[in-house]
Amino acid sequence: MDTEHVDLGMPGVRPTPGPGVPRTGGAESGLRDQFGRVASDMRLSLTDKCNLRCQYCMPEAGLEWLKKDKLLTAAEIVRLVGLGVNNLGVRELRLTGGEPLVRADLVDIIAALRKNHPELPISLTTNGVGLAKKAQALADAGLTRLNVSMDTLHHDAFLQLTRRPFLDQVLAGIEAAAAAGLRPVKINAVLLRGINDGHAAELLQWSLDRGYELRFIEQMPLDADHGWTREGMITAAEIRDLLSGTFELSPDPRDRDGAPAERFEVRLQGSTELLGTVGIIASVTEPFCADCRRTRITAEGKVMSCLFSRTEVDLLALLRAGETTADDDAVIARWQDAMWAKPRAHGMGHPGLGDADFVQPDRSMSAIGG
Ligand code: SAM
Ligand code: SF4
């Protein structure tokens, strides 16, 4: 199918010069793509390793870790973020993985980034295993906030989803993060049919009671086992339905401002008292590609302009070529070129067209950096 002529039903795409147009402008044009979007939100994966095996992300066994010399070092991370912030208009940074807490130098990396960029919002996405011990050090190093992924409060379902019995550690980690002042703690949850879809309202009540911000993420076809199906996934509409037995959701009047989550105000059915908000990230059924502001770098220093991209552009070799201003300029230009080629949309989610344009990337979510 010719994606050029497919109306993806996304409002607000700016005037399009069209693919194939060469990029013009130097570093001052930032991380702009050919459809007029400008990326200012950097997602950087620190490792492909993980201590859980979530069904929707990793295989049960048998994924080989990258060799250490293939990973960005702490110094390379600091340099890359510096180029992004000082030269290319990056305005926020999220550290992710794999599981970023397994990197022994995580606290040092955050401290170095904070020293260089006192005002930069730096957040972390973690599965929370081992967080209880590290939360205070992360806060002291200058982390701004974090998201902890936790899909259920039930031990059996947690074990089934993550294939590891670590729910209590995650709960302790969330508590420690809040105590360390890393607020608002956000909780990320993916629902799988027949495992934890019945736990959605309970998880929301639990989060509201503690002042945590819960966000449900639609399951995306980024699992190593390639087990995702459109029929099997729980859609945003279904998530709203699952919650509506207990809660009334109304659109949050605040501007979404490029955020992936659509936020809703939450009240108990029949009550006017505002309890808090819940977010739903509907990447599959209600995609927000038109307003995407993300640039992603994998743990081995490859730019992915989109989570679903099948094209990767290597920056590591250029980083390792040298540290002069000319070397920096080469990294900047390659990063810009990679972003210029960002596809207009990921090819899923247009009613009636099915997923004809969509081909699942080779990498699993853990190896991209969610
Ligand atoms: N290990 C950390 C964690 O789990 O929070 C950080 C990396 S993980 C890849 C980042 C986020 O991606 C998590 O919130 C996880 O639930 C989500 N995720 C992983 N695979 C997914 C998938 N197939 N669909 C939707 N979300 C997914
Ligand atoms: Fe690990 Fe996060 Fe993937 Fe779960 S979602 S397997 S915790 S990287």
side-chain hydrogen bond (donor to acceptor under 3.5 Å, both in side chains) between Ser271 and Glu273, worked out: CA-CA 6 Å; Ser271 159; Glu273 187 194 349; 4.8 Å; no

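- Screening Asn147, Asp151, Thr126 for a side-chain hydrogen bond (donor to acceptor under 3.5 Å, both in side chains) with Asn188, the sole residue that qualifies is Asn147.
- Ser123 and Glu92 are not linked by any side-chain donor-acceptor pair at a separation below 3.5 angstrom, with hydrogens and angles left out of the test.
- Side-chain contact of Arg23 with Gln336: a donor-acceptor pair under 3.5 Å is present, judged by distance alone.
- Heavy atoms from other residues, nucleotides or ligands lying under 6.0 Å from CD of Glu60 number 12 at most.
- At least one donor-acceptor pair closer than 3.5 Å links the side chain of Arg37 to the backbone N or O of Cys289.
- Proximity of a side-chain donor or acceptor of Asp314 to a complementary backbone N or O of Leu316 within less than 3.5 Å is detected.
- Residues Thr324 and Asp327 have side chains in contact (heavy-atom distance under 4.5 Å, counting atoms from C-beta outward).
- Using a cut-off of 4.0 Å between Lys/Arg side-chain N and Asp/Glu carboxylate O, Asp33 and Arg344 are scored as not salt-bridged.
- Between Gln160 and Asp156, the side chains place no donor N or O within less than 3.5 Å of an acceptor N or O (distance only, hydrogens not considered).
- Residue-environment remark: CD (Glu28) exceeds the threshold of 12 foreign heavy atoms within 6.0 Å.
- Although no hydrogens or angles enter the test, the distance criterion places a donor-acceptor pair under 3.5 Å between the side chain of Arg210 and the main chain of Trp206.
- Looking at residues two or more places apart in sequence or on another chain, you find a salt bridge (charged side-chain N to carboxylate O under 4.0 Å, His left out) between Asp41 and Arg43, Arg294.
- Judged by distance alone, the side chain of Trp335 and the main-chain N or O of Leu315 form no donor-acceptor pair under 3.5 Å.
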For residues 138-146, please give each side-chain donor-acceptor pair under 3.5 Å, one per line with the distance, not counting sequence neighbours.
| residue | atom | partner | partner atom | Å |
| --- | --- | --- | --- | --- |
| Asp140 | OD1 | Gln136 | NE2 | 3.0 |
| Thr144 | OG1 | Arg114 | NH2 | 3.1 |
| Thr144 | OG1 | Ile122 | N | 2.8 |
| Thr144 | OG1 | Ile122 | O | 3.2 |

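- With no hydrogens or angles considered, a side-chain donor-acceptor pair links Arg94 and Thr125 at under 3.5 Å.
- At a threshold of 4.5 Å between non-hydrogen side-chain atoms, the residues Ile77 and Thr73 do not count as touching.
- The pair Glu312-Arg334 does not count as a salt bridge, with every side-chain nitrogen at least 4.0 angstrom from each carboxylate oxygen.
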